[in-house]
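Shown next, in structure tokens, is the structure this report addresses.
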2 protein chains.
Amino acid sequence: MAQSRYGPRERMVFSAAQLIRRDGVAATGMRDVAALAGAPRGSLQHYFPGGKEQLVNEAVAWAGRYAGKRVARFVADLDQPTPSGLFAAMAAQWTDEYRVDGFAAGCPVAAATVDRASSGSSTREAAAGAFAAWRGPVAEALTGMGVPAARADPLATLMISTLEGAILIARAERDVHALDTAVRELGPLLDAAAGRS
Amino acid sequence: MAQSRYGPRERMVFSAAQLIRRDGVAATGMRDVAALAGAPRGSLQHYFPGGKEQLVNEAVAWAGRYAGKRVARFVADLDQPTPSGLFAAMAAQWTDEYRVDGFAAGCPVAAATVDRASSGSSTREAAAGAFAAWRGPVAEALTGMGVPAARADPLATLMISTLEGAILIARAERDVHALDTAVRELGPLLDAAAGRS
DNA sequence: TCCACTCTATGACCAGCGTCATAACACCCG
DNA sequence: CGGGTGTTATGACGCTGGTCATAGAGTGGA
């Protein structure tokens, strides 16, 4: 995990996101983050003088940007770009991970929201920003597939809502069927919005 | 909160669920639970010799049973029972709470899943059981509304997935629009499954 | 060479947690 | 009345976490 390809600061943010999405925010220790990143503990206070809150916020924001960029790649990889195809690709990212690596981890943004939404901390705003950074590219991709502009944003919200919930249930049940079901049931609705308005 | 209507044990389980859904599992202290329940700390070790894990598991199971029973009440209160009406009622429970009491709390089962899904603890199984105790009545209600038996369970899973995700986003954004959107976009799909098979 | 500056490294502190140990109280049956 | 059982009440222990303080390396410019 101590790849020199990325700087130590980026490695720590990445490691924090990894641990948060597996254990939750509260259960993720600063010492663990440093250890996973192969960085000394002292570097944490150097790069993140705002303490754990700053580190968590950056990890959440990073996750949001990552998810947003991923959407563009999904669209590019589709033979025939359809809303259901995009949604299936988004869900497949999770089913693949769960089948290969087990159900250890979930979405870091969800973890941060559940753990820090109360206690008026800034982490809640970071989570909201992450969702926005994710929803934007999805809505954009939908319009590019023929979805009317007025429906693109609501449908993007619906897609992310359903995906997040399905991730949750899949993790609880240690079974990807909730994700598969979401794709199967929601696909036709999404394509219908693209075909004829 | 120290109502003598319920026994101290039940009050502690209830208080635990309340705190968990607001702060998460890890951030919920045993002392806080006892204080909220108006019970002495010593009673915790008396009623829950299994420690925090047992208390959390019972709180999660209680939440699942509560959600399941709630579904039957929703159906009974509907003038014309339709799948979309049921889903709207389920979502309204959350929008109402958020409008009145603010966005402090989420779903305790989701909190337990995010916080304890790793670390092969028994809490994950409790969460899976809670989702099952919730999905069952929903699927049953759907069949009662004319949804074919084969579609009832997948649609119930879809409803709960979407609702959970929308709760998450609403809490992060401090805005109920994700919940409203879910109801608006998913309603027609649900009713279509009930109308003609 | 010396000196700033960035980054690394480590030890210490305090607060909070879950848990344990132990006692006191209440109540009822014998 | 006495003793036992279920419950309440409180103090202490061990541990872990985030943070602070301080010092040690490395590096580049004057």
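So you know, we letter chains A, B, ... as the sequences are listed, proteins then strands, and number each from 1.
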Under 4.0 Å protein heavy-atom contact, by nucleotide of nucleotides 18-25 of chain D - B base, S sugar-phosphate only: BBBB----

Quick one: which protein N/O atoms are closer than 3.5 Å to N/O atoms of nucleotides 5-7 of chain C? Pair and distance per line, please.
from, atom 1, to, atom 2, distance (Å)
C:dC7, OP2, A:H46, NE2, 3.0

Without placing hydrogens or testing angles, list every side-chain donor-acceptor pair under 3.5 Å for residues 30-50 of chain A, not counting sequence neighbours.
from, atom 1, to, atom 2, distance (Å)
A:D32, OD2, A:G29, N, 3.4

Side chain to side chain, A:V75 and A:L86, heavy atoms closer than 4.5 Å: yes

Just list the side-chain donor-acceptor pairs under 3.5 Å for residues 154-164 of chain A, sequence neighbours left out, or say none.
from, atom 1, to, atom 2, distance (Å)
A:T157, OG1, A:D153, O, 3.1
A:S161, OG, A:T157, O, 2.9
A:T162, OG1, A:L158, O, 3.0
A:T162, OG1, B:T162, OG1, 2.8

Non-neighbouring partners of A:E10 that pass salt bridge (charged side-chain N to carboxylate O under 4.0 Å, His left out), sequence neighbours left out: none

Residues which pass side-chain hydrogen bond (donor to acceptor under 3.5 Å, both in side chains) with A:E173, listed by chain and number, not counting sequence neighbours: A:H177, B:R135

Length of the CE-C1' vector between B:M12 and C:dG18, whole Å: 16 Å

Inter- and intrachain pairs under side chain to side chain donor-acceptor pair (under 3.5 Å), touching residues 87-110 of chain A, at least two apart: A:R21-A:E97

Whole-Å gap separating C1' (D:dT8) and CZ (B:R11): 12 Å

Where at least one partner belongs to residues 52-91 of chain B, residue pairs that pass ring pair (Phe, Tyr, Trp, His ring centres under 6.0 Å), sequence neighbours excluded: B:F14-B:W62, B:W62-B:Y66

Residues which pass salt bridge (charged side-chain N to carboxylate O under 4.0 Å, His left out) with B:E185, listed by chain and number, not counting sequence neighbours: A:R151

Atom-pair distance (CZ on A:F48; P on C:dT8), nearest Å: 11 Å

